[in-house]
Protein chains: 2
Amino acid sequence: MIFKKVYILGGAQTDFAINWQRNGGEIADLLKAGFEKAATNCNIIPRDIQSAHIGNFVGELFCKQGHLGGIFASIHPDLEGIPTARHEAACASGSMAILAGMNQIQAGWCDLICVSGIEMMRNVSGMEASDHLGAAAWVGKEATEAKYPWVYLFSEIADYYQQRFGLQDEHLAEIAKINYANAKRNPNAQTRKWEQEERCFVTDEEYNPIIEGRLRKADCGRITDGCATVFLASEEYAKQHAYRSQIPLASIPYIKGWGHRTATMLLQNKLEKGKESAYPFPHLRGAIHDAFERAGLSNVRELDVIETHDCFTISEYVALEHFGLANPGEAWKMIEEDAISFNGKLPINPSGGLIGAGHPVGATGVRMMLDAYKQLTNQAGDYQVANTKNVGTLNIGGSFTTVASFVVGV
Amino acid sequence: MIFKKVYILGGAQTDFAINWQRNGGEIADLLKAGFEKAATNCNIIPRDIQSAHIGNFVGELFCKQGHLGGIFASIHPDLEGIPTARHEAACASGSMAILAGMNQIQAGWCDLICVSGIEMMRNVSGMEASDHLGAAAWVGKEATEAKYPWVYLFSEIADYYQQRFGLQDEHLAEIAKINYANAKRNPNAQTRKWEQEERCFVTDEEYNPIIEGRLRKADCGRITDGCATVFLASEEYAKQHAYRSQIPLASIPYIKGWGHRTATMLLQNKLEKGKESAYPFPHLRGAIHDAFERAGLSNVRELDVIETHDCFTISEYVALEHFGLANPGEAWKMIEEDAISFNGKLPINPSGGLIGAGHPVGATGVRMMLDAYKQLTNQAGDYQVANTKNVGTLNIGGSFTTVASFVVGV
């Protein structure tokens, strides 16, 4: 089966360091700011946009606001009347919006689509935010005793790794350090100005306390406000855009491959099932494999950059192995070889990832796609990885329940 | 542009009269019950399902549960691993799930898809439910003083009709009566066993009190629990299904046309803008026109049945005109001629619609598609309309903000 090509014409993200409520903004203002920055950034004609897809996890809980497609149609006069919808799969919501947009282009409905991922979360207390995010687990069936359900569940994953393969907390700490270091080069990263001493990454009950289970403060992504927007286009529209922008079509990145799978919801069921497999999360390996196969990649070494989910350090650890960068249980080798840092063989999260750049949950999948675009078009500024031809992404919803992976390239 | 055909292989709805919580069920149980009934009903092989799309408006608010795609992958062993996502546009969420599924088939990704619309709402008080449903309006910007935001906003629409065209409450009451009467023939309708005397439909402060503005109890749809599921298929898979089921391919309904548009969110802006047009909601007229055009219909009289949104009687009144059944402001003629009742020229909502059959909001668009399927395959039992070849649907999110219309036929 040959699918129609889907190009990425660019986009923008808001500054993830901004506390949107403290700046007097509501979720609609964030969506509008994100759209306007993106449209201006890449010279898009708003009246050419034929459809919009919004990625959002829990606007209803944080902002009491659903129906964000309606809000989107209200933020610019040229967007009034277009079809819009919101898509959700917990922290993978942004990728769901991309997939829905891709499908619409591949189906032949539309030539230019806007995909916007958004989450506003800093308007409530940390405890309340944690409670709201619990809606991504099977409510009432898991993590019921936990103070922070997601820290609890990912700590369970770390424990499982410890038991099955052995796991050293120092390797997780190294993942955090790399992401924070990378974020310092990213002018939109939430943590870019944070000053963190060595004791913020080691066993230090004051500077790096246990949050839940075995995971410490440095292992955890933070609550973030943000919006990320990309424009997807058919080949026909991409050609026009190239002509108008005086760039060759071949310089515009396109989605080469994608994978999307959903495992059973309960973490314990997944872990139990994973015991039968070489990989703890075979569906995750499968989704990445789907993306590679569609992109015609035979080996992960053909990727020049990976932007992966690191809601917790252990998420990235798991991802490294499932991408095929190390055998199961051996991600530590990549870390010890310094292969994944900004100057390593295969930089992981040059943006800073979720831990460094921030994790406005519904925006994250779109932010990854945007960062892929930036790397592929040499627009990543201080976090540019030279000679990038192929970027892999991995976006995760829940405890590796929904997984979505893309290969984007030129 | 020729689009790939998308067939409907059947499905099922749960009994909308059931209060799910009172029966000891959670939202996951409702999703599972809906899927199992549908799969059994139409002889679907679960392991053939390649993707699933869930329509749900506010599971987070009513049940604290998001990530319903993950739940879906957990309700049957053969569904584990498939891609899933949840789609939302307020009360039009079910249609958003259908559109996403359609796109995936048209794009060539999948041959068999499950679309499930779901909402569980009777587990909270009426006031709390009304408050949760407010998330479909622009929160903080409209209906801020209203006790019941949606009754308030649709009452505003009725007032606008009164001012622009004249509107008699008796005609709205007649719409309610027809929907309740139709529901008595539908074995899954929420209100099928309700006994309602004449005084429940007239100006009677005890039996039919004002709820908000000018809308009375009988004008309003009720809070409902329910799940509706349909299976969509490519032509290739529909052929196999026809062979296995020993029916001709030509007897399987397919989606002939569709329209989907999103207006600006605030009702007052829509009403203001509508003044410039012959139709109060030109985008609604446009979406229906899109569906007709794609289906190759030149006139609404080519439809044999319409299943339309009637969250309130005024919604159906507006819909009748925007379908082209009467000139703007003249829907009352259709009602006086008895054209829209079960034995009329063009039966509207033979199922009972939202008022009679029930309105579990995320399920409604899927329930409409399912009823279209039933009418087209002569499976509607006591509410079967003879010789149905084409069915139109209209699903609305918010104050006519998101509108989605389908033409389904054989």
Side-chain angles (χ1 to χ4, degrees), chain A residues 1-4 26 28 52 57-61 63-74 79-90 96 99-100 102-109 132 134-140 260-266 269 283 286 397-398 401-402 404, chain B residues 1-4 26 28 52 57-61 63-74 79-90 96 99-100 102-109 132 134-140 260-266 269 283 286 397-398 401-402 404:
Chain A
M1 178 81 206
I2 303 294
F3 297 102
K4 287 184 69 167
E26 296 179 0
F57 174 30
V58 273
E60 295 91 343
L61 291 176
C63 305
K64 309 274 172 226
Q65 185 65 63
H67 206 180
L68 287 175
I71 303 272
F72 191 82
S74 311
L79 300 174
E80 218 179 301
I82 65 169
T84 66
R86 173 261 193 129
H87 310 277
E88 183 262 324
M96 299 303 105
L99 288 163
M102 268 185 71
N103 277 179
Q104 229 173 21
I105 291 172
Q106 291 173 325
W109 283 29
H132 290 345
W138 196 331
V139 176
H260 171 203
R261 298 193 186 193
T262 319
T264 187
M265 195 85 158
L266 294 175
N269 292 350
H283 71 290
T401 302
T402 299
Chain B
M1 179 81 204
I2 302 293
F3 297 102
K4 287 184 69 166
E26 295 180 2
F57 173 29
V58 272
E60 295 90 344
L61 291 176
C63 306
K64 309 276 172 227
Q65 184 65 64
H67 206 179
L68 287 176
I71 303 271
F72 191 82
S74 311
L79 300 173
E80 218 180 300
I82 64 170
T84 66
R86 173 260 195 131
H87 310 277
E88 183 262 325
M96 300 303 104
L99 288 162
M102 269 184 71
N103 278 177
Q104 228 173 23
I105 290 173
Q106 291 173 325
W109 281 31
H132 290 344
W138 196 331
V139 177
H260 171 203
R261 297 193 185 193
T262 319
T264 186
M265 196 85 158
L266 294 176
N269 292 350
H283 72 289
T401 301
T402 299

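Predicted, not measured: the structure shown is a model, and the values here were computed from it. Quick note on labels: first sequence line is chain A, next is B, and so on, each numbered from 1.
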Under 4.5 Å, counting heavy-atom pairs only, tell me which of A:Gly81, A:Cys63, A:Ala73, A:Gly286 racks up the most with chain B.
A:Gly81
Closest non-hydrogen contact found for B:Ala28 with A:Trp138 is CB-CZ2, 3.5 Å
Pick from A:His283, A:Met96, A:Gln104 with the largest number of heavy-atom pairs that fall under 4.5 Å of chain B:
A:Gln104
Which distance, rounded to the nearest 0.5 Å, do you find between the CE of A:Met102 and the CG of B:Asn103?
11.5 Å
Between CD1 on residue B:Ile82 and NE2 on residue A:His260, distance to nearest 0.5 Å
9.0 Å
Could you check whether any side-chain N or O of B:Glu88 sits under 3.5 Å from a backbone N or O of A:His67, counting only pairs where one atom can act as donor and the other as acceptor?
yes
Name the region of A:His87, side chain, backbone, both or neither, that has any atom closer than 4.5 Å to a heavy atom of chain B.
both
Can you tell me which portion of A:Ala263 sits under 4.5 Å from chain B's heavy atoms? Options are side chain, backbone, both or neither.
backbone
Between the OG1 atom in A:Thr264 and the CZ atom in B:Phe72, the distance rounded to the nearest 0.5 Å is 12.5 Å
Out of curiosity, A:Thr262 OG1 to B:Ile71 CD1, how far, rounded to the nearest 0.5 Å?
12.0 Å
Among B:Ala107, B:Gly69, B:Ala100, who wins on heavy-atom pairs under 4.5 Å with chain A?
B:Ala107
Side chain / backbone / both / neither for A:Ala137 at chain B, heavy atoms under 4.5 Å:
backbone
By side-chain hydrogen bond (donor to acceptor under 3.5 Å, both in side chains), which residues pair with B:Glu60, not counting sequence neighbours?
B:Arg86
Mark yes or no for whether B:Ser74, through its side chain, and A:Met265, through its backbone, hold a donor-acceptor pair below 3.5 Å.
yes
When only pairs under 4.5 Å are counted, which of A:Thr401, A:Asn269, A:Ile2, A:Leu79 shares the most heavy-atom pairs with chain B?
A:Thr401
Tell me, out of A:Leu99, A:Val139, A:Leu61, A:Ile105, who's got the most heavy-atom pairs with chain B below 4.5 Å.
A:Val139
